[in-house]
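The chain is numbered in sequence order, starting from 1. Every number for a ligand or one of its atoms is a count from 1 in the order of the listing.
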Amino acid sequence: MTDTDSKLQARLIEFFKSIQGEGKYAGVKQVFVRFFECNMHCVWCDTPHSIGDTTRRFQTMDLDEVYGRIIDLWPGCHSVSLTGGEPLLQAEFLRALAEKLQSQKIPVHLETNGICPAELRQVIDVVDVISMDIKLPSSTQCRPYWPEHAEFLAVAREHQREIFIKTVITKDTDISDIHEAVRMVQAVDPDTLFILQPNTFDLGQGVMGLCQEMEEAASQHLRNVRILPQMHKIMKVR
Ligand code: SF4
C-alpha cells in the first residue's frame, strides 16, 4: 500500500453478505459494499438511501477499515460486489480497494450505471467482472445517456474485460429505447449477454408481456438475450 492509498477515504453506506439477485451471477454468495451517492435519479431506484434521497447518512472510512470489514464477511463467498449508488464516482478509492482485494485473489465485481467511461478507464484493469446497466430514458424518466453508454461499452471491449448488460423494463418502457440499446450493443459485440430485468414493482402489471416482446426484438440482432427478474426480491433476502 502506498502513502497515498493510506490517506484515501470513501463514503459508504453499508457492508453485508448475501446472495446476488441480479444478472449473470444471480445465486452466488457475495460480500456487498455499497458506495454512497449516484449521478442519476432513476424513478424506480430501490436504494434511495444510497443516493441521498431519504438520508445523507454515510460512513467515511479509510482503505484498511474497508478492507477489514470485507475480510470479516469474506469466508465462503464467491466474490465482492462493489455497488451503490454509483461506485465509479469514487474511482480512486475503488481502484486502491480492488487492487488490494485482487492481491489476495478475491474477485471483484463492479455494478455500475454505465455512464462514467472515463472513471471506468481508471479502474478497469483491476476489476474482474462488470455488470453494466443501460438506462433507458422511458424507464428511468431521466435524460438519455446513449453516448456515455456507447463509450463505456467501447472501453470494456478495448480492455477485453468480462461484461454483461442489465436493463430495467418498467410498464412505461418504450420499445424504441430497446431498439436503440440493441443497435448500440450490436455495434460493439452481438455476443454480449443482454438481460431484460422486469421492474419488481411492475410485476403483475403487464411488464412480463412487454419483456417477452422486447426479447423477441432484441434476439433478432443479439445472440445472448435473457429475461431475469430480481431474484433476491423473490427470495426475500437483501
Ligand atoms: S443508477 Fe442505480 S443507484 Fe443510481 S438512481 Fe439509478 S437505480 Fe438508483
* Asked: Given the rule in the side chain to side chain donor-acceptor pair (under 3.5 Å) test, do Ser138 and Thr173 qualify, once you have shown the distances and angles that lead to the verdict?
  -> CA-CA 5 Å; Ser138 56; Thr173 303; 4.6 Å; no
* Test salt bridge (charged side-chain N to carboxylate O under 4.0 Å, His left out) on Glu14 and Arg238 and set out the steps. => CA-CA 12 Å; Glu14 59 183 349; Arg238 295 188 77 187; 2.3 Å; yes
In a table with atom names and distances, give each donor-acceptor pair under 3.5 Å that connects a side chain of residues 83-95 to protein atoms at least two apart or in another chain.
{"unit_1": "Glu86", "atom_1": "OE1", "unit_2": "Thr112", "atom_2": "OG1", "d": "3.2"}
{"unit_1": "Glu86", "atom_1": "OE1", "unit_2": "Asn113", "atom_2": "N", "d": "2.7"}
{"unit_1": "Glu86", "atom_1": "OE1", "unit_2": "Asn113", "atom_2": "ND2", "d": "3.4"}
{"unit_1": "Glu86", "atom_1": "OE2", "unit_2": "Leu88", "atom_2": "N", "d": "3.0"}
{"unit_1": "Glu86", "atom_1": "OE2", "unit_2": "Thr112", "atom_2": "OG1", "d": "3.1"}
{"unit_1": "Gln90", "atom_1": "OE1", "unit_2": "Arg11", "atom_2": "N", "d": "2.8"}
{"unit_1": "Gln90", "atom_1": "NE2", "unit_2": "Arg11", "atom_2": "O", "d": "3.0"}
{"unit_1": "Gln90", "atom_1": "NE2", "unit_2": "Phe36", "atom_2": "O", "d": "3.4"}
{"unit_1": "Arg95", "atom_1": "NE", "unit_2": "Glu99", "atom_2": "OE2", "d": "3.2"}
{"unit_1": "Arg95", "atom_1": "NH1", "unit_2": "Gln122", "atom_2": "O", "d": "2.8"}
{"unit_1": "Arg95", "atom_1": "NH1", "unit_2": "Asp125", "atom_2": "OD1", "d": "2.7"}
{"unit_1": "Arg95", "atom_1": "NH2", "unit_2": "Glu99", "atom_2": "OE2", "d": "3.1"}
{"unit_1": "Arg95", "atom_1": "NH2", "unit_2": "Asp125", "atom_2": "OD2", "d": "3.0"}

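By heavy-atom distance, the residue among Gly85, Ser139, Cys42, Pro48 lying nearest atom 3 (S) of ligand 1 is Gly85. The option from Lys135, Met40, Glu86 that lies nearest to atom 2 (Fe) of ligand 1, judged by heavy atoms, is Lys135.
When distances to atom 4 (Fe) of ligand 1 are checked against a cut-off of 2.8 Å, His41 contributes no N, O or S atom below that limit. Using a cut-off of 2.8 Å, one finds that Cys45 contributes an N/O/S atom close to atom 8 (Fe) of ligand 1.
Looking only at heavy atoms of the protein, atom 4 (Fe) of ligand 1 is closest to Cys38 SG, 2.3 Å. The protein heavy-atom contact nearest to atom 7 (S) of ligand 1 is Trp44 CZ3, 3.6 Å.
The structure places CD of Glu111 at 12.5 Å from OH of Tyr25, a figure rounded to the nearest 0.5 Å.
A cation-pi arrangement is present between Lys100 and Tyr67 under the rule of less than 6.0 angstrom and at most 45 degrees off the ring axis.
Side chain to side chain, Asp53 and His41 meet the donor-acceptor criterion of an N or O pair below 3.5 Å.
Within ligand 1, the atoms closer than 4.0 Å to a non-hydrogen atom of Asn113 are 1 (S), numbered from 1 in the order shown.
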